[in-house]
Amino acid sequence: MALSGVMTLVLALGAAAGDRLLLCRPNVAGDAALARPEAVLEAARRAERFLDYGVPCVDAGESARAARRAGLAHAVSATAEGRVDGSHYVLVLADVATEAERARQSLDVAPGADAVPPLRASLAKLMETLPRKPGPDPKHVAAWAVAGAGAAAVIAGVVVAGQARDAADRANSAADLGTWVEARDEWERKRTTSGVLFGVGAAALAAGLTWRFAF
């Protein structure tokens with residue numbers, strides 16, 4: 001139980017904490033009634049990875065600089081243009097490190113059609129171009145596994161030590177020889193087992209933590 005819990009924690013910590021993206025409000029062009037810029041915000045909200053900047057950004061460079069100030073690595077700027085034949089959207093993903101465009105998506109949505117699903121799909125395609133985050137270091141996972149096994153052994157030692165105390169109490173309160181011998185033998189077995197578990201567990205816990213933080 002303890003080992004699997006440590007492994008789960010390690011894998012969870014392997015996920016990047018800064019994987020959110022900044023979203024600038026769309027620049028509106030053409031017929032504002034046909035542009036439907038709010039569809040971009042709704043699509044981003046459903047994607048659950050974007051933080052609304054609250055104002056438009058003129059280009060990829062401005063969106064990247066805004067993301068840098070927020071401590072993020074990437075940003076998306078957008079244009080929503082209203083045309084006679086519907087809405088035209090351009091989504092641009094920028095890297096903060098270079099302030100340059102990484103990828104873009106352009107799409108047209110007919111008048112009256114729901115623009116959110118295709119915009120959400122376009123945002124997903126932009127996110128597919130993001131650099132992949134490395135998984136947890138196998139050495140770190142192994143180190144935590146060793147430490148977790150050690151912790152589990154120590155916990156088991158505590159449980160067995162409690163059983164040894166119970167056996168000792170039964171021996172002390174025994175009224176006949178047979179009961180006393182049985183309780184005494186159990187106490188000796190449990191005491192030895194708990195000592196082994198404590199020793200092995202403490203060694204494994206120390207080794208795992210040393211491996212993780214010293215190497």
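Numbering of residues begins at 1 and proceeds along the displayed sequence. Worth knowing before you read on, the calculation uses all heavy atoms, side chains too, and leaves out hydrogens, waters and symmetry mates. Keep in mind that this is a model prediction, so the values were computed, not measured.
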*Asks:* A side-chain contact here means heavy atoms from C-beta on lying under 4.5 Å apart; do Thr179 and Arg170 qualify?
*Replies:* no
*Asks:* Pro26 and Pro37: which non-hydrogen atoms are nearest, and at how many Å?
*Replies:* CG-O, 3.6 Å
*Asks:* Under 4.5 Å between any side-chain heavy atoms of Glu62 and Glu99, yes or no?
*Replies:* no
*Asks:* Against the six-membered ring of Trp187, is Arg184 placed for a cation-pi contact (under 6.0 Å from the centre, within 45° of the normal)?
*Replies:* no
*Asks:* For residues 205-212, dump all side-chain donor-acceptor pairs below 3.5 Å to protein atoms at least two apart in sequence or in another chain.
*Replies:*
unit_1	atom_1	unit_2	atom_2	d
Thr210	OG1	Ala206	O	2.8

*Asks:* I'd like to know if the side chain of Gln163 pairs up with that of Lys190 as donor and acceptor (distance under 3.5 Å, no hydrogens or angles considered).
*Replies:*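 Yes, a side-chain donor-acceptor pair sits under 3.5 Å.
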*Asks:* Would you call Glu42-Arg45 a salt bridge at under 4.0 Å N-O?
*Replies:* yes
*Asks:* Do Leu123 and Phe50 make a side-chain contact, defined as non-hydrogen atoms from C-beta onward lying under 4.5 Å apart?
*Replies:* yes
*Asks:* Check Glu48 against Arg20 and note the closest heavy-atom contact, atom names and distance.
*Replies:*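 In terms of heavy atoms, the two residues are closest at O-NE, 4.1 Å.
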*Asks:* Between Leu126 and Val116, is there a shared hydrophobic cluster once you connect ILVMFWY residues whose side-chain heavy atoms come closer than 4.5 Å?
*Replies:* no
*Asks:* So does Glu101 pair up with Arg104, basic N to acidic O under 4.0 Å?
*Replies:* yes
*Asks:* Return the minimal non-hydrogen interatomic distance between Ala103 and Thr129, and the atom names on each side.
*Replies:*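 Reported closest heavy-atom pair: CB-OG1, 3.7 Å.
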*Asks:* In residues 87-94, what donor-acceptor pairs under 3.5 Å come from side-chain atoms, sequence neighbours left out?
*Replies:*
unit_1	atom_1	unit_2	atom_2	d
Ser87	OG	Leu34	O	2.2
Ser87	OG	Arg36	NE	3.1
Ser87	OG	Arg36	NH2	3.3
His88	ND1	Asp108	OD1	2.7
Tyr89	OH	Ala35	O	3.0
Tyr89	OH	Arg36	O	3.0

*Asks:* State, to 0.1 Å, how close Val40 and Ala78 come at their nearest heavy-atom pair, and which atoms those are.
*Replies:* CG1-CB, 4.3 Å
*Asks:* Find the distance between CD (Glu188) and OG1 (Thr193) and round it off to the nearest 0.5 Å.
*Replies:* 11.5 Å
*Asks:* Pro131 versus Arg102: any side-chain heavy-atom pair under 4.5 Å?
*Replies:*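 Pro131 vs Arg102: side chains touch.
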*Asks:* Looking only at heavy atoms, what is the nearest atom pair of Ala204 and Gly150, with distance?
*Replies:*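 Shortest heavy-atom contact: CB-CA, 3.6 Å.
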*Asks:* Kindly determine whether His74 and Val96 satisfy side chain to side chain contact (heavy atoms under 4.5 Å, CB included), including the steps that lead there.
*Replies:* CA-CA 5 Å; His74 300 89; Val96 165; 5.7 Å; no
*Asks:* So, Asp52 and Arg25, do they make that salt bridge, N to O below 4.0 Å?
*Replies:* yes
*Asks:* Check Leu22, Leu21, Asp19 against Leu72 for a side chain to side chain contact (heavy atoms under 4.5 Å, CB included) and give me the one that passes.
*Replies:* Leu22
*Asks:* Evaluate the criterion side chain to side chain contact (heavy atoms under 4.5 Å, CB included) for residue pair Leu23 and Tyr53; output intermediate values, then yes/no.
*Replies:* CA-CA 6 Å; Leu23 176 72; Tyr53 186 45; over 6 Å; no
*Asks:* Please report the closest heavy-atom contact between Ala64 and Ala75, naming both atoms and the distance.
*Replies:* N-CB, 4.2 Å
*Asks:* Counting only heavy atoms from other residues, nucleotides and ligands, does the tally under 6.0 Å from CD of Glu182 exceed 12?
*Replies:* no
*Asks:* Using side-chain heavy atoms (C-beta onward) and a distance below 4.5 Å, is Cys24 in contact with Pro56?
*Replies:* no
*Asks:* What is the distance from atom CG of Asn27 to atom CD of Glu81, rounded to the nearest 0.5 Å?
*Replies:*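 So the gap between those two atoms works out to 11.5 Å.
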*Asks:* Do Val200 and Trp144 sit in the same hydrophobic cluster, where Ile, Leu, Val, Met, Phe, Trp and Tyr count as joined when their side-chain heavy atoms come under 4.5 Å apart?
*Replies:* no
